[in-house]
Amino acid sequence: MIIDRAEVILTSPDRNFVTLRITTDDGLTGLGDATLNGRELAVVSYLEEHVVPLLIGRDAARIEDTWQFLYRGAYWRRGPVTMAAIAAVDMALWDIKGKAAGMPVYQLLGGASRDGLLAYGHASGRDLPELFDSIRSHLEQGYRAIRVQTGVPGLRSIYGIASNATSEENTGVRYDHEPAQRGALPHQEDWDTGAYLRHVPTVFEAVRGEFGPELPLLHDAHHRLTPTQAARLGRSLEPFDLFWLEDCTPAENPEALRLVRGHTTTPLAIGEVFNTVWDYQQIIREQLIDYVRSAVTHTGGITHLRRVLDYAALYQIKSGMHGPTDISPVGMAAAMHLGLAVHNFGIQEYMKHGARTDAVFQQSFTWRDGYLHPGEKPGLGVELDPDESGKYPYVRAYLPYNRLADGTVHDW
Ligand code: EZ4
Ligand code: CO
């Protein structure tokens with residue numbers, strides 16, 4: 001099992017994906033996801049120029065050693081580009097090990113701890129009728145847990161709100177199954193935290209009134225609040241029993257969560273922009289969160305996220321792995337194998353990929369009654385069709401950003 005070849009495949013069916021394919025001298029191939037939304041080429045270059053030459057000739061079976069070699073050997077540690085690149089190598093090696101063993105990766109991680117993975121989808125609307133339609137449509141698709149995002153009166157466009165008015169046909173702005181306006185230059189959105197804080201509790205009250213007390217509801221604040229604003233939001237949402245409030249404050253300031261935690265029992269989830277266990281060290285030790293939001297893709301792969309989740313388990317903190325459409329089907333498969341195996345699984349984010357993406361990546365997972373399962377194929381269970389991937393060249397696409405009414409750039 002000596003690594004013979006490693007290639008980076010950049011393809012844009014519905015959106016950009018960066019995939020590493022490793023081939024061994026005995027003909028096994030493994031895939032890893034290294035997609036970093038809006039900064040894809042940085043990871044392509046990191047992999048092609050700096051990582052691939054290190055892989056050729058190495059023993060593909062030595063997953064832990066390769067992880068430590070790439071992490072410690074670089075001198076420059078951490079960061080989203082480095083950790084996405086390491087994640088892709090790690091996933092590809094687990095894929096190969098599974099294929100060599102004839103087992104799905106979750107078996108190598110200790111076997112299934114549950115029958116399936118509860119998943120949540122993204123409902124959104126500019127107003128309540130649109131939001132209710134979106135929730136109903138998600139329930140019809142089988143979702144048993146729903147993230148709720150809405151427009152805010154007075155704000156024209158807000159991240160995470162799907163709307164026909166922002167579709168590709170009407171505006172020429174690239175639109176995909178993630179409700180964001182992505183373009184060749186960043187799309188500017190507007191933001192007003194006061195208006196948001198007044199509006200969101202009324203939305204959850206209406207949703208509970210319409211859909212009852214039992215449906216697990218989630219909400220994502222996308223790092224936009226100060227600690228006191230986040231505390232107030234958490235408290236005002238307590239009557240509506242959220243499954244979690246996500247990314248309430250910016251990621252760089254872990255102490256902020258102490259203040260939030262001291263004022264609300266609304267469960268907190270954070271970490272989709274974290275890359276290592278060290279980003280989580282303080283907030284897990286101080287029990288400032290309830291759910292770890294990391295994607296396998298952005299946190300150094302299965303090897304490292306497993307470490308984060310084992311540490312989190314000491315403090316009754318569970319997984320809530322990131323799973324928007326910018327995690328490729330390979331990254332989603334890795335999340336499903338890990339989530340099936342760990343004891344402290346919480347919930348899995350799951351947005352369906354588009355038909356073109358599903359044609360590029362042949363997948364073996366199942367989606368049944370609101371639960372995901374990675375399937376029983378050896379390895380991760382995903383194969384890449386080179387003819388399909390070759391049809392979709394890279395398209396530069398940025399995430400949007402925010403300005404306040406006075407023109408100030410706001411937190412993401
Ligand atoms: O904004 O994946 O919880 N999910 C999210 C996502 C992220 C995008 C960024 O690449 O916040 O929609
Ligand atoms: Co989020």
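In what follows, residues are counted from 1 in the order of the sequence shown. In each ligand, atom 1 is the first atom listed, and ligand 1 is the first ligand listed.
- Side chain of His138 to backbone of Ser134: a donor-acceptor contact under 3.5 angstrom is found.
- Counting atoms of ligand 1 from 1 in the listed order, those under 4.0 Å from a heavy atom of Arg293 are 3 (O), 4 (N).
- Heavy-atom proximity to Asp220, at under 4.0 Å, picks out these atoms of ligand 1: 3 (O), 4 (N), 5 (C), 11 (O).
- For the pair Leu404 and Asp190, the minimum side-chain heavy-atom distance is 4.5 Å or more.
- Heavy-atom proximity to Asn37, at under 4.0 Å, picks out these atoms of ligand 1: 9 (C), 10 (O).
- Shown in contact with His322 at under 4.0 Å from a heavy atom are these atoms of ligand 1, numbered in order with element: 2 (O), 3 (O), 4 (N), 5 (C), 6 (C), 7 (C).
- Heavy atoms of other residues, nucleotides or ligands lying less than 6.0 angstrom from CZ of Arg5 number 12 at most.
- Judged by the 6.0 Å and 45° rule, Arg403 forms no cation-pi pair with Trp191.
- Checked by distance only, ligand 1 and His222 come closer than 3.5 Å through their nitrogen or oxygen atoms.
- Among the atoms of Glu272, some N or O lies under 3.5 angstrom from an N or O of ligand 1.
- Between the side chains of Thr226 and Gln229, at least one donor-acceptor pair of N or O atoms lies under 3.5 Å.
- Inclusion of Glu246 in the set of residues having an N or O under 3.5 Å from an N or O of ligand 1 is warranted.
- Defined by atom type and a distance below 3.5 Å, a donor-acceptor pair is missing between the side-chain atoms of Asn275 and Thr299.
- Other residues, nucleotides and ligands contribute over 12 non-hydrogen atoms within 6.0 Å of the NZ atom of Lys99.
- Of all non-hydrogen atoms in Met91 and Val296, the two that sit nearest each other are CE-CG1, 3.8 Å.
- Near Glu349, meaning under 4.0 Å from any of its heavy atoms, are these atoms of ligand 1: 3 (O), 4 (N).
- Ligand 1 places these atoms under 4.0 Å from at least one heavy atom of Pro324: 2 (O).
- Relative ring orientation between Tyr159 and Trp412 is described as perpendicular, the plane-to-plane angle rising above 60° on a 0-90° scale split at 30° and 60°.
- Once rounded to the nearest 0.5 Å, the distance linking CG of Asn37 with CZ of Arg15 reads 4.5 Å.
- If you look at the Co ion (ligand 2), the protein N, O or S atoms less than 2.8 Å from it are Asp220 OD2, Glu246 OE2, Glu272 OE1.
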